[in-house]
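Residue numbers start from 1 in every chain, and the chains themselves are labelled A, B, ... in the order their sequence lines are given, proteins ahead of strands.
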Amino acid sequence: MELPNPVLTASGCGGTGRELAQFSDVARLGAFTTRSITMAPRAGRPTPRMAETPSGLLNAVGLQGPGVDAFLQHELPWLVERGTRIVVSIGGGTAAEYAALARRLADVPGITAIEVNLSCPNIEDRGRVFAREGSAAAEVIASVRAATRYDVPVIAKLSPDVADVVAVARACVDGGADALAMINTPVGMSIDVDTMRPALAAGTGGLSGPAVRPLAVRCVWQVHAALPGVPIVGMGGVTTGRDALELILAGACAVAVGTALFNDPYACPRILRELEELLQRRGLDRLADAVGLAHRPAGSQQRTRTDLEESSL
Amino acid sequence: MELPNPVLTASGCGGTGRELAQFSDVARLGAFTTRSITMAPRAGRPTPRMAETPSGLLNAVGLQGPGVDAFLQHELPWLVERGTRIVVSIGGGTAAEYAALARRLADVPGITAIEVNLSCPNIEDRGRVFAREGSAAAEVIASVRAATRYDVPVIAKLSPDVADVVAVARACVDGGADALAMINTPVGMSIDVDTMRPALAAGTGGLSGPAVRPLAVRCVWQVHAALPGVPIVGMGGVTTGRDALELILAGACAVAVGTALFNDPYACPRILRELEELLQRRGLDRLADAVGLAHRPAGSQQRTRTDLEESSL
Amino acid sequence: MAGSPVQVTGTVLTTRRVDAYHALTVVAPGIADRCRPGHFVTASVGGPNTSMLTRRAFAVHDVKPDYGGTVELVFGVRGPGTAWLADLRARDTLDLVGPLGRPFPLPRDPCTCVLVGGEYGSASLFALADALQARGCRVDFVLGAPSADRVFGALRARRMGETTTLTTEDGSLGMRGKVTDVLPGVIADARADAVYACGPMDMLRGVTAVAVEFDIPVQVAVEERMACGIGVCMTCVLPVIGDDGVTRMVRACTDGPAFRGERVRFEDVGTIPFDALGAPGGRHA
Amino acid sequence: MAGSPVQVTGTVLTTRRVDAYHALTVVAPGIADRCRPGHFVTASVGGPNTSMLTRRAFAVHDVKPDYGGTVELVFGVRGPGTAWLADLRARDTLDLVGPLGRPFPLPRDPCTCVLVGGEYGSASLFALADALQARGCRVDFVLGAPSADRVFGALRARRMGETTTLTTEDGSLGMRGKVTDVLPGVIADARADAVYACGPMDMLRGVTAVAVEFDIPVQVAVEERMACGIGVCMTCVLPVIGDDGVTRMVRACTDGPAFRGERVRFEDVGTIPFDALGAPGGRHA
Ligand SMILES: Cc1cc2nc3c(=O)[nH]c(=O)nc-3n(C[C@H](O)[C@H](O)[C@H](O)COP(=O)(O)OP(=O)(O)OC[C@H]3O[C@@H](n4cnc5c(N)ncnc54)[C@H](O)[C@@H]3O)c2cc1C
Ligand SMILES: Cc1cc2nc3c(=O)[nH]c(=O)nc-3n(C[C@H](O)[C@H](O)[C@H](O)COP(=O)(O)OP(=O)(O)OC[C@H]3O[C@@H](n4cnc5c(N)ncnc54)[C@H](O)[C@@H]3O)c2cc1C
Ligand SMILES: Cc1cc2nc3c(=O)[nH]c(=O)nc-3n(C[C@H](O)[C@H](O)[C@H](O)COP(=O)(O)O)c2cc1C
Ligand SMILES: Cc1cc2nc3c(=O)[nH]c(=O)nc-3n(C[C@H](O)[C@H](O)[C@H](O)COP(=O)(O)O)c2cc1C
Ligand code: FES
Ligand code: FES
């Protein structure tokens with residue numbers, strides 16, 4: 001899978017693509033990642049759905065969306081027409097539902113990759129989130145992999161709030177994941193001390209933004225160290241080219257931008273520009289030369305060996 | 001266990017007590033929590049040991065300290081003399097080592113509680129941190145509980161980077177913990193994009209400060225909901241009375257202040273003052289009336305029943 | 001929409017206090033050009049290295065052609081973001097995105113409109129009144145707030161409106177009570193054809209009920225917590241009934257903020273109505 | 001320590017550029033009173049709602065009695081914290097904690113001292129020179145930096161010092177080279193009894209080596225990344241040999257920043273020497 005550049009939108013943060021297109025050309029994105037598409041339409045969670053925290057954002061949108069049929073009818077074609085690289089994120093409550101979604105997408109042209117949002121509650125395991133447990137995650141990935149065309153990569157999206165992210169990553173790769181995306185939002189909460197009630201209607205929510213970047217860098221670092229051959233899409237608090245480079249040096253070969261889009265709708269092209277400048281200033285001609293570079297032993301010269309293709313997922 | 005007030009210092013953030021005493025009276029603290037004391041002296045990790053992240057701080061001090069003997073000889077007596085309430089934090093590499101520490105402290109007068117730092121690598125389990133796994137954590141707690149005088153509470157300090165903090169909390173309580181402290185720092189990382197190396201010599205470090213407060217509030221909330229009778233010391237990013245109240249409304253009956261001390265050495269008395277004012281303005285005469293108040297069903301009247309004593313751990 | 005939104009690093013031209021509110025005039029040509037009544041803008045707050053990530057939304061109070069185009073925002077200090085804005089001084093820069101949202105639709109033919117504003121909500125009504133009067137409409141104002149210092153724009157309303165009725169809950173200005181107490185009388189006296197309203201959700205609900213009672217159309221501009229303002233985050237939704245009779249959770253920022261009042265399910269704001277499209281266990285799920 | 005440190009919300013009196021550096025004079029009575037040469041202060045940066053949590057450490061350049069007491073800091077812009085400080089204007093407030101650290105010990109009897117400053121490190125040497133001269137000491141300066149604009153205080157050194165020798169790596173001012181290239185000559189010519197040095201770690205290492213060569217005492221003021229500056233966080237440690245010959249990881253902020261040069265294990269800074277107290281697998285563990 002080749003991308004025009006390594007800066008993607010993060011799932012659930014770029015709307016349908018049309019909204020961002022008011023600001024800049026979506027075909028110029030490394031890829032547009034859709035919100036997590038579900039089988040049936042979903043109204044999501046009640047409001048308030050957002051709360052600001054220090055350098056962070058809590059959200060509990062609850063995968064609001066029109067369902068896969070309406071998505072294929074009204075949202076995907078528009079993106080395809082524009083020549084956008086499209087990563088379709090999918091979410092479900094059982095492995096079977098993920099597989100059914102993958103089957104529904106299998107014959108649809110124009111899909112660059114399937115990203116499996118594993119931060120959904122497993123309705124067969126008392127609502128425990130798939131990403132929390134390697135075997136549940138692997139089962140989902142295997143069923144999606146089996147239902148997806150061989151030439152469409154399946155990306156497993158992991159969450160940082162587990163005891164051992166490497167174990168979950170390894171399980172997903174063993175289950176057939178072609179690449180990994182991390183991090184999804186860890187679960188957080190905020191309480192309004194004036195109303196003395198949770199700030200979000202849903203109580204807890206996902207924490208995103210620069211506050212979680214150290215967790216994202218750590219996850220990418222650990223997984224890249226353990227599974228150096230597996231492409232990683234890094235995300236979590238990327239707001240500048242420096243942040244993107246941080247994740248790349250940790251081992252990501254592409255980055256996704258989420259919360260930063262809310263403050264700066266031009267974030268993706270800006271971050272790409274900044275990243276390219278930083279790479280150039282460091283004499284890193286190819287992005288691949290920078291991937292995982294911070295892992296080289298202290299004091300050693302710049303890595304020359306490259307085991308990853310430019311922007312390949 | 002009665003404390004003069006609900007604002008404590010967090011382990012590893014108040015030095016030996018003498019340094020803070022230059023700014024305000026340590027006897028006025030709810031309690032002074034020591035850095036985690038180890039059996040032998042420890043030199044800790046190489047520098048750089050700190051890196052700033054957005055609204056957060058990464059540290060990798062590595063439990064530098066003089067060892068339990070020197071602690072008992074040079075540090076504890078000074079605190080006892082001043083009439084300070086003292087929570088002694090302990091850290092070890094095996095359950096047996098924790099137990100040995102607890103025995104060493106058992107006959108020492110002036111210790112208000114033992115806090116067990118479970119975020120230490122278990123040298124018998126390939127360095128896996130105790131707090132990551134309920135049974136390992138419970139084993140440590142049980143051995144410390146057995147070695148500690150019946151009237152000295154044992155507090156289990158938990159970490160947020162687990163798949164299910166409630167399961168670990170429950171295991172610790174079943175193992176004999178009288179109270180819980182949360183959160184210890186989740187593992188994070190930062191890479192210096194100029195040197196293209198990890199910002200910390202140790203690579204990864206613990207993330208603290210307001211960035212992690214949403215994780216702390218969530219952990220306290222979840223554990224209080226599951227184990228409403230268990231006293232919780234809340235911590236993680238408390239910098240103001242509002243932050244303290246947030247954790248209290250989530251279910252903490254006391255709060256500890258860590259990173260905020262680095263910016264404001266007067267943080268503890270200031271936060272206490274701000275907290276008292278906030279409680280008063282809300283007509284909450286007793287702190288106990290506020291503990292867990294955000295859990296009441298939406299729209300219900302203020303809780304009047306109280307199942308927790310004021311500032312009791 | 002009158003052209004697509006842009007991001008502009010504006011310069012603060014003037015700041016002033018207006019009773020309980022602060023008003024900022026910002027030079028922001030690209031935005032000013034495109035603004036229509038009911039549009040809003042979002043401001044980045046806190047400056048470099050701030051811990052505040054999300055933009056704050058504000059109705060555009062006034063647009064002027066000076067310096068290539070200025071917009072004026074009127075706001076009360078609620079939390080840290082508005083506190084930061086209140087500290088801005090002339091010549092500081094302010095990063096704005098706009099114009100955003102669906103502006104107020106205007107009647108095709110001249111008619112009589114009652115414009116109802118609650119607190120700072122009235123800020124967006126004067127540009128609307130201008131546009132209506134330019135189309136030959138008669139405009140009557142009803143402005144209310146808890147207290148006199150929080151009624152915004154009374155003088156200007158008096159200058160512009162055929163009639164202006166003020167209410168305060170504490171009686172410190174105009175009639176004691178709420179705008180909904182006086183609205184039926186105003187509608188009746190003016191023989192109003194339509195109502196526009198902007199203010200707190202409770203007020204919009206009450207105003208809508210009155211308009212429905214009189215069987216005249218009502219446009220309300222709603223306020224919901226917004227993380228992006230541009231339609232990508234889905235945090236600002238509220239239940240609105242579509243042309244097909246189906247309730248959907250629609251975005252206040254891009255499907256609104258102006259809605260036909262009777263389409264907004266005010267009683268259900270903050271919930272997912274069981275019959276909304278995609279509601280848990282609902283018929284469409 | 002000359003009294004314990006305090007927190008002061010100071011007011012910026014003046015700001016000025018000095019070549020590559022910024023200088024801030026801050027009214028901070030409680031701190032100014034207590035400062036002795038070699039003390040440092042920490043500044044809270046970023047203002048309300050900032051994402052920057054830790055204070056930044058700066059040597060106190062000058063203390064004056066004006067307005068109850070002022071301190072002057074001299075700094076280069078390195079990252080976002082110093083960039084924020086560089087933007088401060090007169091009348092802004094600045095939150096300072098100080099005085100912090102162990103100041104330079106002064107000789108009991110009059111003697112000849114060479115004061116060596118690298119880059120902004122020379123900032124803390126002038127108060128020291130004052131104190132030394134007040135005790136009847138002779139003072140000679142050696143100041144160096146990579147380039148002329150980064151040599152701080154050359155004029156003042158020329159006024160105060162018996163001799164002043166300047167070095168720059170690019171030769172743009174004084175001798176081309178490093179302070180350590182000229183230091184042996186200065187020590188020999190002045191028949192110096194002691195050396196004081198402040199600057200980058202590499203320079204301190206070199207200066208210490210020279211002083212050891214001459215068998216004269218040397219005091220160095222070190223810089224380490226600090227999260228607290230008050231001795232509670234243990235992030236600022238470096239390996240220093242104690243009176244008992246045991247190497248300990250000691251805090252730069254409270255055990256230093258001034259140390260006897262020969263006691264600092266410069267080659268091992270950034271590591272835990274295997275023979276340090278409590279080193280992993282070490283003999284004391
Ligand atoms: C379309 C629209 C137009 C508005 N016009 C005006 C106006 O003209 N004048 C005015 O004073 N206020 C207006 N508001 C409300 C204004 O956006 C909030 O008062 C402001 O965001 C509060 O920010 P804060 O940091 O002071 O408060 P905080 O409560 O600390 O804000 C925290 C977070 O919640 C969000 N938030 C809080 N309250 C609101 C709210 N009511 N609406 C949307 N987001 C909120 C903020 O954007 C921020 O992300 C408008 C809101 C919307 C949606
Ligand atoms: C005792 C002492 C005295 C100092 N005196 C001066 C002085 O007089 N003039 C001057 O220009 N600089 C001085 N420094 C260095 C100054 O503290 C740093 O340049 C400054 O902290 C950088 O902050 P920043 O936000 O610009 O950079 P960043 O690199 O973004 O800072 C990030 C974090 O690292 C810490 N940090 C980074 N570099 C240093 C450093 N060298 N020392 C300590 N902490 C660091 C900061 O405190 C902050 O927490 C001194 C340092 C110490 C320890
Ligand atoms: C409002 C919002 C909605 C999101 N929706 C989804 C989603 O539908 N599927 C998904 O996999 N991740 C979702 N995420 C997570 C992001 O894709 C991303 O993993 C996370 O926010 C971290 O990146 P950031 O800090 O750049 O936002 C959402 C995040 C936000 C803030
Ligand atoms: C520099 C530093 C050292 C710490 N040392 C310890 C320690 O020795 N034992 C421990 O249990 N926690 C330690 N912690 C964690 C704190 O006690 C606390 O749990 C955490 O920092 C969250 O609180 P805060 O955000 O208020 O700092 C340390 C934290 C910091 C920042
Ligand atoms: S505020 Fe983001 S969609 Fe409306
Ligand atoms: S900076 Fe915290 S102990 Fe020195």
Side-chain angles (χ1 to χ4, degrees), chain A residues 9-10 12-24 35 38-67 70 192 194 199-201 205 208-211 237 239 258-267 270, chain C residues 1 3-7 42-46 49-56 78-81 95 97 100 201 224-239 246-254 268-285:
Chain A
T9 62
C13 301
T16 63
R18 285 182 173 89
E19 301 84 358
L20 284 185
Q22 298 183 292
F23 298 94
S24 62
R35 50 183 154 182
T38 53
M39 226 35 205
R42 282 173 66 110
R45 296 296 210 143
T47 55
R49 288 177 171 186
M50 66 78 80
E52 210 181 44
T53 67
S55 299
L57 177 71
L58 281 169
N59 88 84
V61 168
L63 299 192
Q64 177 172 351
D192 182 324
D194 295 319
L200 301 177
S208 65
T239 63
T259 305
L261 289 168
F262 305 165
N263 193 284
D264 177 8
Y266 307 93
R270 173 180 54 77
Chain C
M1 245 183 290
S4 47
V6 289
Q7 182 268 329
T42 56
S44 187
V45 294
N49 300 106
T50 179
S51 65
M52 296 188 278
L53 301 186
T54 58
R55 289 175 171 271
R56 270 54 175 174
R78 182 183 314 216
D95 172 347
V97 169
L100 296 169
M201 207 61 98
E224 259 294 346
R225 285 189 158 245
M226 293 182 173
C228 78
I230 58 169
V232 297
C233 77
M234 303 302 287
T235 61
C236 64
V237 299
L238 72 174
V246 176
T247 297
R248 291 182 182 76
M249 301 306 296
V250 307
R251 293 163 297 184
C253 67
T254 39
D268 297 322
V269 166
T271 73
I272 306 293
F274 74 96
D275 58 345
L277 179 68
R283 61 194 161 105
H284 301 271

Using a strict threshold of under 4.0 Å (side-chain N to carboxylate O), is an ion pair present between C/Arg251 and A/Glu19?
yes

With a 3.5 Å distance limit and no angle check, can you tell me whether C/Arg55 reaches the backbone of A/Asn263 through a side-chain donor-acceptor pair?
yes

C/Val97 versus chain A, the contacting section by heavy-atom distance below 4.5 Å
side chain

Check: C/Met249 main-chain N/O paired with A/Gln64 side-chain donor or acceptor under 3.5 Å:
yes

Strictly distance-based, threshold 3.5 Å: is any side-chain N or O of A/Tyr266 a donor or acceptor partner for the main-chain N or O of C/Gln7?
yes

Is it true that a side-chain atom of A/Glu52 and a backbone atom of C/Leu53 form a donor plus acceptor pair closer than 3.5 Å?
yes

With rounding to the nearest 0.5 angstrom, report the CZ to OG1 distance, A/Arg18 to C/Thr254.
12.0 Å

Against chain A, work out which of C/Thr235, C/Leu238, C/Asp268 has the most heavy-atom pairs shorter than 4.5 Å and name it.
C/Thr235

Heavy atoms only, distances under 4.5 angstrom: which of C/Ala227, C/Cys236, C/Pro239, C/Gly231 has the most pairs with chain A? Name it, please.
C/Ala227

Hey, could you give me the OG1/CE distance between C/Thr54 and A/Met50, rounded to the nearest 0.5 Å?
4.0 Å

Name the member of A/Gly56, A/Ala60, A/Gly209, A/Gly12 that forms the most heavy-atom pairs with chain C at distances under 4.5 Å.
A/Gly56

Sort A/Arg35 into side chain, backbone, both or neither according to what part of it lies under 4.5 angstrom from a heavy atom of chain C.
side chain

If you tally heavy-atom pairs under 4.5 Å against chain C, which of A/Ala201, A/Ala51, A/Gly14, A/Pro48 wins?
A/Gly14

Part of C/Thr271 lying under 4.5 Å from any heavy atom of chain A:
backbone

Can you tell me how far apart SG (C/Cys228) and CG (A/Asp264) are? Round to the nearest 0.5 Å.
12.5 Å

Output yes when a side-chain donor or acceptor of A/Arg49 lies under 3.5 Å from a complementary backbone atom of C/Met234, and no otherwise.
yes

Under 4.5 Å from any heavy atom of chain C - which part of A/Thr53:
backbone

